[in-house]
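All values below were derived from every heavy atom in this structure, side-chain atoms included, with hydrogens, water molecules and symmetry-related copies excluded. Model, not experiment: these values are computed from the prediction. Lettering follows sequence order; numbering is per chain, from 1.
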Protein chains: 2
Amino acid sequence: MESKMNTREKILTTAAILFQKNGYHATGLNEIIKESATPKGSLYYYFPNGKEELAAATIKLMGDKIQHDIKEELAQNSDPVQAIKEFILDLAWKFNEKEDQENCFSIGLLALETVSISDSLRKACTEVYDMWTDTYYQKLVSSGLSSEKAKELSLILQLMIEGAITISLIRNDNTMLVATAEKIPVLLKDK
Amino acid sequence: MESKMNTREKILTTAAILFQKNGYHATGLNEIIKESATPKGSLYYYFPNGKEELAAATIKLMGDKIQHDIKEELAQNSDPVQAIKEFILDLAWKFNEKEDQENCFSIGLLALETVSISDSLRKACTEVYDMWTDTYYQKLVSSGLSSEKAKELSLILQLMIEGAITISLIRNDNTMLVATAEKIPVLLKDK
DNA sequence: GTCTATAAAAGGATAGAC
DNA sequence: GTCTATCCTTTTATAGAC
């Protein structure tokens, strides 16, 4: 399957996995080209501005992929409370399958690292989070919530999911994600 | 003031500030010894196991300092809802004063980085989070909540605060912390 | 305990052949 | 477009004088 990808795609997907798992600074360009079995010359051919440009491309890639997953999950349930709860439970399930390297579901580490090194990367991450939040917002509005209430709740959702993933990673245990999912009805009850 | 510290303390506090701000991998030992104006020999004299041992010590230091701050804030209000709300608003305030390098309030970046490089550092971070969570737990129990309910809510609080700080850092904007504080009454209403 | 010089490895980036 | 060899910098870590 990887052999069907072209060189640029191989570099990009390998970088995305490594950046997500180990972070920006812990991931060497040599590691990326070795893991993806591509020559270093190609990396700089496709990403002339080096590591930062490659990171920007991976942020966009991961952002879009996760966005797609969110939409897919939320569409499976007309009731937003149930839909969002199921989505977070799905995250919890994916967390336990995270050996499967296709399962990317967070850019938190990469985002925090970029804060102190590159304003353009930081902004790229901000845009990704905004995109995700807007998806929650749309779901809440479509179920009849006022725009104001939906805006507020979608931000809280975003922050809770981010926090739950972070704590789950640090504890190496998905129970915080499950607990968050269970708490969603209480949180959204307050319309 | 810094001159009153001994060499070990200078290294430790400087490392804590840099690790918190820029992360583990982005902070070089040379940067730490330069910033703290201490000789490299002393670093390896006090921390024979190098960077990892130094990081472990800073995690403990930051954990204890923040723990102290949490206790201090929560003690100022007998009502736990108000106390926790005020505590988060204080975080939001500190966020805007973060040029003051004394103001450490998160080990999130450091913690996420350690997940993939050192299980002992990861566990050190987990213990810090558990310590903080227990402080919220004690406050909730002391106000009459059942142990079970307090346990559940203290974990949710921990995760929301972590998420709010993360998103605030990435957005470079403390409004998510303020929004979280405002949401606390709704969350804790569900006893 | 303090300090400096230096080793040894890894990092990002570039040049230039093909 | 592909590939390799190499440069320069920075990293962690150590040796050994004082």
Side-chain angles (χ1 to χ4, degrees), chain A residues 2-59 109-110 113-114 116-122 124, chain B residues 2-59 109-110 113-114 116-122 124:
Chain A
E2 278 206 7
S3 51
K4 287 208 292 194
M5 293 189 206
N6 60 34
T7 303
R8 201 190 112 98
E9 280 175 332
K10 275 197 271 190
I11 293 170
L12 200 48
T13 56
T14 304
I17 291 167
L18 291 171
F19 279 149
Q20 173 187 240
K21 186 164 187 267
N22 304 327
Y24 183 83
H25 290 101
T27 303
L29 259 25
N30 293 321
E31 191 183 356
I32 294 171
I33 62 112
K34 186 182 173 186
E35 191 76 18
S36 61
T38 52
K40 183 173 279 195
S42 298
L43 193 156
Y44 279 94
Y45 174 77
Y46 289 112
F47 305 96
N49 288 97
K51 195 177 189 179
E52 183 161 342
E53 185 179 354
L54 176 55
T58 65
I59 288 167
L109 170 54
L110 194 45
E113 281 184 290
T114 64
S116 67
I117 53 161
S118 161
D119 207 54
S120 79
L121 288 182
R122 203 207 89 238
Chain B
E2 277 206 7
S3 51
K4 287 209 293 195
M5 294 189 205
N6 61 34
T7 302
R8 201 190 111 100
E9 281 175 332
K10 275 197 272 190
I11 293 170
L12 201 47
T13 56
T14 304
I17 292 167
L18 291 172
F19 279 149
Q20 174 188 241
K21 187 165 187 268
N22 304 328
Y24 183 84
H25 290 101
T27 302
L29 260 24
N30 292 322
E31 191 184 355
I32 294 171
I33 62 111
K34 187 182 173 187
E35 191 75 18
S36 61
T38 51
K40 181 172 281 194
S42 299
L43 193 156
Y44 278 94
Y45 174 77
Y46 291 112
F47 305 96
N49 289 97
K51 196 177 188 179
E52 182 161 342
E53 185 179 354
L54 176 55
T58 64
I59 288 167
L109 170 54
L110 194 45
E113 281 185 290
T114 64
S116 67
I117 53 161
S118 161
D119 206 55
S120 78
L121 288 183
R122 203 207 90 237

B:Ser118 and side chain to side chain donor-acceptor pair (under 3.5 Å): which partner among B:Glu113, B:Glu52, B:Lys51?
B:Glu52
Let me know the distance between [atom1] of [X] and [atom2] of [N], rounded to the nearest Å.
{"X": "B:Leu54", "N": "D:dA13", "atom1": "CG", "atom2": "P", "answer": "10 Å"}
{"X": "B:Tyr45", "N": "C:dT4", "atom1": "OH", "atom2": "P", "answer": "18 Å"}
{"X": "B:Lys34", "N": "D:dT12", "atom1": "NZ", "atom2": "C1'", "answer": "18 Å"}
{"X": "B:Lys10", "N": "C:dC3", "atom1": "NZ", "atom2": "C1'", "answer": "13 Å"}
{"X": "B:Ile33", "N": "D:dT10", "atom1": "CD1", "atom2": "P", "answer": "14 Å"}
{"X": "B:Phe47", "N": "D:dT14", "atom1": "CZ", "atom2": "P", "answer": "16 Å"}
{"X": "B:Ile117", "N": "D:dT12", "atom1": "CD1", "atom2": "P", "answer": "11 Å"}

Roughly how bent is the helix from C:dG1-D:dC18 to C:dC18-D:dG1 end to end, in steps of 10 degrees, with each end axis from five pairs?
10°
Protein within reach of the bases, or only the backbone? For nucleotides 11-18 of chain C, mark each nucleotide 5' to 3' as B, S or -, using heavy atoms under 4.0 Å.
SBBB----
Using a 3.5 Å cut-off and no angle test, enumerate the donor-acceptor pairs between side-chain atoms of residues 26-33 of chain B and protein atoms at least two apart in sequence or in another chain.
residue, atom, partner, partner atom, Å
B:Thr27, OG1, B:Leu18, O, 3.3
B:Thr27, OG1, B:Gly23, O, 2.7
B:Asn30, OD1, B:Lys40, NZ, 2.5

Taking only residues two or more places apart in sequence or in another chain, which ones pass side chain to side chain donor-acceptor pair (under 3.5 Å) with [X]?
{"X": "A:Thr38", "value": "A:Ser36"}
{"X": "A:Glu53", "value": "none"}
{"X": "A:Ser42", "value": "none"}

Tell me, please, which residues at least two apart from A:Ala57 pass side-chain contact (heavy atoms from CB on, under 4.5 Å).
A:Leu12, A:Phe47
What pairs with B:Ala124 under side-chain contact (heavy atoms from CB on, under 4.5 Å), at least two apart in sequence or on another chain?
B:Ile59
Strictly below 4.0 Å: does B:Thr7 bring a side-chain N or O up to OP1 or OP2 of C:dT2?
yes
Applied to residues 7-28 of chain B, the ring pair (Phe, Tyr, Trp, His ring centres under 6.0 Å) test, sequence neighbours excluded, yields B:Phe19-B:Tyr24
State, with a plain yes or no, whether a side-chain heavy atom of A:Leu43 is found less than 4.5 Å away from one of A:Thr7.
no
